[in-house]
Each structure stands twice: as C-alpha cells, then as structure tokens.
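Data block below; observations after.
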Amino acid sequence: MGRAALLAVIGLLVFVPPAFGAGPRLVTWTTHSRFVDPATQNFNRPPGVAPRPKALRVNILLPAGYDSHRRTRYPVLFLLHGHGDAYDSWINSAKGDLRNTAKGFGGIIVMPDGARGWYTNWWNSGRRGAPGWESYNLDELIPLAERKLRSRAGRRWHAIAGLSMGGEGAAYFAAQRPGYFGSAGVFSGVVSLQRPEWPQSFETQGEHYPDVYGDPSAQRFYSTGHNPTALAPNLRYTRMFVAVGDGRPDPTSGDQLRNTFGALAELELARHAEDFVAALRAQKAHVTFRPQQGIHDWPYWRRHLRQALAWGFFEPVAEHPAGWTFSTVSSFSRAWGVNFHFDTPPGVVQTFTRSGHRLRGTGSGVVRIGLPHHRRLKLRLPFDVRAF
C-alpha cells in the first residue's frame with residue numbers, strides 16, 4: 001500500500017458546509033498510519049462515552065464561516081491532550097469545554113488522539129517505534145492537515161499547545177519542527193524528562209520509562225533527545241507560553257479540594273516548568289512564564305488555554321533566521337527548510353548549527369541533507385561546510 005493510501009482519511013464525517021457566517025463546527029477524521037497500529041494502543045475515553053473501536057481519530061474545530069471552497073485561509077492550532085484523556089477531551093464540556101474556552105477564536109484547532117503514547121517514538125528495546133507517535137504526528141498528520149485544511153502558510157500562523165503529557169508533546173514537536181511552529185503553549189507540562197526523580201514518577205502513569213525513553217543511563221542520549229529542556233536551543237526563535245500551578249487548589253475554580261494526586265503532580269511539574277523556562281531564557285528565547293495557584297486538573301488547563309489565547313498564538317516571529325541550532329535523535333528530521341536523514345538511527349544526539357552560509361554538524365554517522373533549491377549533500381559527522 002502506498003504512502004498516500006496510508007495517509008488517506010477513511011472515516012471523515014460528512015457535513016453539509018454551513019452558510020458563511022455560521023458558528024464553529026466540529027469534524028472528525030479517522031486516519032491510518034505506518035507508525036502506530038491502533039489495535040495495540042491503550043486509548044482513553046471520557047466518562048459517560050460508550051466504548052468505541054480503537055482508531056486514530058482527530059477532532060477538528062473549524063472557525064465560523066469556514067468553507068473549503070472559499071479562498072480564505074486560517075491560522076492553525078494543534079491542541080494535544082494529556083495522559084488520561086483522548087482526542088475528544090478538549091471539546092468535552094466537562095473537560096476542556098473548548099467551544100466556550102476558545103470562544104471567538106478565529107483559527108482552525110486540530111486535536112489528535114495520542115492515547116497513552118507520550119507523543120514519542122518509543123525506544124522499545126532499540127526499535128524506536130511500535131508505537132511511533134512522533135512520526136505519526138510530524139510526518140503524517142501535519143502533512144495531511146496541510147493538504148486537507150485551508151491553513152495559512154508561514155510559521156507565524158502555526159502553533160501547538162497541550163496539557164501535561166500533551167505539554168511534553170507540544171514542546172517536543174515545536175523543538176523538532178522549529179521552522180513550522182512559530183508559537184507553542186505548555187500547560188502543566190512534563191518538560192524536564194531527566195530530573196532525577198522523574199523516571200520513578202513516570203512509572204506511576206502505567207508505562208515503563210525504559211520502554212518509552214530507554215534506560216536513563218544506558219540510553220541517556222535518547223531521553224536527552226526527547227527532553228524539551230535539553231532541546232531549548234532548538235526553540236531559540238519560537239514564542240513559548242508556559243503555565244503551571246503551585247499545587248494549591250483554588251476554590252474559585254470549582255475543582256475538587258481533595259484531589260491529592262492533582263496537588264502533588266502539579267507541585268512536581270512546577271519544577272519541570274522552572275527547569276524549562278530557565279533553559280529557554282539562557283537561549284534568549286521569547287518565553288512568557290505564568291506560575292499561578294492551581295493543581296493538575298481541568299479547571300486550570302481551561303484557564304491556561306484562555307491565558308495563552310489572550311497572549312496570542314499568532315504574533316510575528318522570525319521566518320528564516322540566518323543562524324540556528326538544531327538537535328535531534330530521530331532518523332528523519334526537518335528544521336528551517338533543511339531535511340536530515342540518517343540511514344542508521346542515531347546513537348548519539350546529533351546537533352546541526354547554521355551560521356550564515358556555513359552548516360556544522362556534531363555527532364556521528366552519515367547523514368543525507370536536503371537543502372533548499374533541491375540541493376543534496378551526504379556527509380559524515382562531524383563536518384563543517386559551506387551549504388547556503
């Protein structure tokens with residue numbers, strides 16, 4: 001089966017296009033992937049929702065007046081759910097309540113299902129996949145959305161955000177596609193994967209840390225290459241909004257005051273946020289940090305999203321910086337219009353630096369590089385060449 005067929009939307013719900021000026025409307029896609037077999041995944045469903053077949057579903061909230069036949073194009077926000085939730089949690093009135101939380105938002109909101117996959121190509125004893133959630137999102141879903149939706153061109157108009165596990169996914173995806181995402185929002189995010197206590201805390205979520213990120217010592221490079229804090233140099237030109245609570249419930253938010261897990265989890269993730277923000281500031285990145293009263297629960301994530309929307313996901317950003325740093329452990333990566341393809345999966349963090357006309361690479365192995373204007377290079381790391 002060809003790549004196009006694998007990416008085909010096989011379960012697109014059919015809606016009659018509304019008249020111009022009608023309110024936002026929700027559509028749902030069901031997609032196939034070369035990288036994630038839904039039959040093997042642990043999908044969640046909101047309380048009260050009937051059991052449903054396992055599938056890679058994507059909710060898309062289209063703005064008022066959206067018409068696929070019109071020339072108008074829209075900014076797009078990819079919005080990721082957390083570990084215990086699903087593709088329809090953000091739209092659920094008891095959870096994200098997105099129709100009200102993002103009322104008046106003039107862009108497209110894309111909400112994929114990430115199951116309990118941590119938006120990561122699992123280390124999986126070195127197989128780096130099965131599941132391959134980052135490859136599904138970055139190499140299949142985003143290109144599919146680009147083809148099917150009337151989104152605006154330019155990184156200024158592409159944003160990503162998420163809560164908890166989805167905050168990790170949002171920060172990591174922004175770091176792996178810095179030339180695509182101009183802004184990112186992290187709400188109570190798991191963004192400092194290499195804190196000494198985190199592997200043990202991770203185990204309480206139901207997955208085994210070495211299965212996802214490799215052994216913290218033996219495969220340290222793999223967790224480093226997925227750690228948003230370690231990848232802060234990739235985000236030098238990305239606008240970042242980071243919100244986190246302090247572990248204290250706010251009675252005015254309507255949460256459960258006895259949510260002990262939510263309090264303890266948020267207190268730990270506040271340390272993650274501090275690590276991440278410090279690393280971003282060391283890179284002189286544009287970061288807005290909003291520590292505030294709150295715990296790990298939906299009333300606060302709704303508030304965080306409202307704050308991020310007021311902050312603005314689509315403000316001006318640098319589109320083509322002449323100097324940048326990009327690190328990855330992926331076999332295929334894309335940054336700033338340059339493709340990096342390793343025939344042998346990297347065994348170390350690979351770092352590429354552009355300075356004017358020169359491109360430098362540190363790491364090991366052979367990389368095939370696709371440059372603008374269809375130029376191709378095949379180089380052994382380390383290297384230092386004139387490439388631009």
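When a residue number appears, it is its place in the shown sequence, counting from 1.
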For the atom pair [atom1] ([X]) and [atom2] ([Y]), what is the distance rounded to the nearest 0.5 Å?
X	Y	atom1	atom2	value
Leu79	Ile108	CG	CD1	14.0 Å
Glu268	Trp198	CD	CH2	5.5 Å
Asp384	Thr362	CG	OG1	11.0 Å
Ile295	Asn259	CD1	CG	4.0 Å
Ile160	Ile142	CD1	CD1	6.0 Å
Ser183	Arg156	OG	CZ	9.5 Å

Tell me whether [X] contacts the main-chain N or O of [Y] through its side chain, where contact means a donor paired with an acceptor under 3.5 Å.
X	Y	value
Arg368	Arg376	no
His81	Met111	no
Arg354	Gly356	yes
His158	Tyr180	yes
Arg386	Arg358	no
Lys54	Phe43	no
Arg380	Gly365	no
Asn121	Ser135	yes
Gln176	Ser327	yes
Asn234	Ala175	yes

Would you please say whether a donor-acceptor pair under 3.5 Å links the side chains of Thr31 and Glu140?
no

Would you call Arg303-Asp297 a salt bridge at under 4.0 Å N-O?
no

Among residues at least two apart in sequence or on other chains, which ones pass ring pair (Phe, Tyr, Trp, His ring centres under 6.0 Å) with Tyr213?
Phe202, Tyr209

Under the ring pair (Phe, Tyr, Trp, His ring centres under 6.0 Å) test, residues paired with His286 that sit two or more places apart
none

For [X] and [Y], which heavy atoms make the closest approach, and how far apart are they?
X	Y	result
Gly294	Tyr300	CA-CE2, 3.3 Å
Val349	Gly225	CG2-N, 4.2 Å
Gly245	Glu266	N-OE2, 2.7 Å
Gly185	Ala170	O-CB, 3.8 Å
Pro199	Pro216	CG-CG, 4.1 Å
Ala243	Gln292	CB-NE2, 3.9 Å

Apply the ring-ring contact (aromatic ring centres under 6.0 Å, His included) test between Phe241 and each candidate in Phe289, Trp311, Phe276; give the one that qualifies.
Trp311

Name the residue from Arg177, Arg155, Glu319 that meets the side-chain contact (heavy atoms from CB on, under 4.5 Å) definition with Trp336.
Arg155

Which of Asp37, Val36, Asp113 passes side-chain contact (heavy atoms from CB on, under 4.5 Å) with Leu56? It is Val36

Would you say the ring centroid of Tyr119 lies under 6.0 angstrom from that of Tyr172?
no

Is the His226 to Trp118 ring centre distance short of 6.0 Å?
no

Which residue pairs pass the salt bridge (Lys or Arg N to Asp or Glu O under 4.0 Å) test with at least one member in [range], sequence neighbours excluded?
range	value
residues 229-247	Asp246-Arg248
residues 320-332	none
residues 75-101	Arg52-Asp88, Asp85-Lys95

Are [X] and [Y] in one and the same hydrophobic cluster, where Ile, Leu, Val, Met, Phe, Trp and Tyr link if side-chain heavy atoms are under 4.5 Å apart?
X	Y	answer
Val348	Val367	no
Phe332	Ile369	no
Trp324	Leu377	yes
Phe340	Leu235	no
Val76	Ile60	yes

Does the pair His296 and Ser164 meet the rule for a side chain to side chain donor-acceptor pair (under 3.5 Å), with working shown?
CA-CA 8 Å; His296 209 67; Ser164 193; 2.9 Å; yes

Is the CZ atom of Arg360 crowded by more than 12 outside heavy atoms at less than 6.0 Å?
yes

Could I get the full list of side chain to side chain contact (heavy atoms under 4.5 Å, CB included) partners for Trp123, not counting sequence neighbours?
Arg128, Gln219, Phe221, Tyr222

